[in-house]
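Below is one structure, written out as structure tokens; comments come after it.
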Amino acid sequence: MSFINKTSSSAAATAATLKPCVICKGESCFVIPGIASSQCFCLLHYYSTGKHNDYGPKNNKKAGRTKNKKTSLLVENERLKKQLPNVQELFAEAFVELRTE
């Protein structure tokens, strides 16, 4: 039981120190680590700005290329769960509009 309590309090401490989204200043759930400073993004801006492509895992098969891309960190799962329905609805509406054009 004590392990679960320590994990929960650790997650709560991380959420409390998490900076707002760099674009909308809303609740962020992703952190992209950096040398000078980290960037925090909400779910919508993480995907709509293309950061998921810039910092995700890379399957590059070019010879001689050894650099790996940086990886973003999902820091706050509860915030993600809260933001997901609105983002899914927004992307679904955009898909329907594009399909009708």
Side-chain angles (χ1 to χ4, degrees):
M1 266 306 206
S2 63
F3 177 73
I4 293 172
N5 291 338
K6 287 179 185 175
T7 305
S8 299
S9 63
S10 168
T14 301
T17 60
L18 199 58
K19 295 178 184 175
C21 174
V22 296
I23 297 172
C24 69
K25 305 298 183 221
E27 285 187 332
S28 59
C29 51
F30 287 96
V31 173
I32 298 175
I35 294 172
S37 65
S38 299
Q39 291 182 317
C40 298
F41 291 93
C42 66
L43 181 63
L44 175 64
H45 290 115
Y46 181 70
Y47 283 100
S48 63
T49 59
K51 293 297 180 185
H52 67 288
N53 288 329
D54 294 345
Y55 294 94
K58 185 176 183 179
N59 296 324
N60 193 347
K61 297 182 181 180
K62 289 183 180 178
R65 181 133 185 180
T66 57
K67 274 190 166 181
N68 291 332
K69 284 188 171 183
K70 296 178 185 176
T71 56
S72 54
L73 305 173
L74 171 62
V75 226
E76 188 52 52
N77 195 30
E78 290 304 314
R79 290 182 183 183
L80 175 77
K81 288 178 185 176
K82 187 169 79 173
Q83 294 174 18
L84 187 59
N86 294 333
V87 173
Q88 286 175 326
E89 183 179 343
L90 180 68
F91 277 86
E93 288 175 11
F95 176 77
V96 169
E97 286 181 25
L98 286 172
R99 199 164 184 209
T100 57
E101 289 180 358

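Below 30°, between 30° and 60°, or above 60°: for Tyr47 and Phe30 the angle between ring planes is above 60°, a perpendicular geometry.
Here CD of Gln88 is found 8.5 Å from CG of Leu43. Values are rounded to the nearest 0.5 Å. With values rounded to the nearest 0.5 angstrom, Cys24 atom SG is found 10.0 Å from Phe41 atom CZ. The OG atom of Ser48 sits 8.5 Å away from the CG atom of Leu90 when rounded to the nearest 0.5 Å. To the nearest 0.5 Å, atom CD of residue Glu78 and atom CD of residue Gln83 are 11.5 Å apart. With rounding to the nearest 0.5 angstrom, the OG1 atom of Thr49 is 5.0 Å from the CD1 atom of Ile23.
Of all non-hydrogen atoms in Ser38 and Pro33, the two that sit nearest each other are OG-CA, 3.8 Å. Nearest approach of Cys42 to Glu27, heavy atoms of both residues: CB-O, 3.3 Å. In terms of heavy-atom proximity, Ser28 sits nearest to Cys21 at CB-N, 3.8 Å.
Residues Asn77 and Leu80 meet the side-chain proximity criterion, which asks for heavy atoms closer than 4.5 Å.
Just one residue in the list Arg79, Lys82, Lys81 forms a side chain to side chain contact (heavy atoms under 4.5 Å, CB included) with Cys29, and that residue is Arg79.
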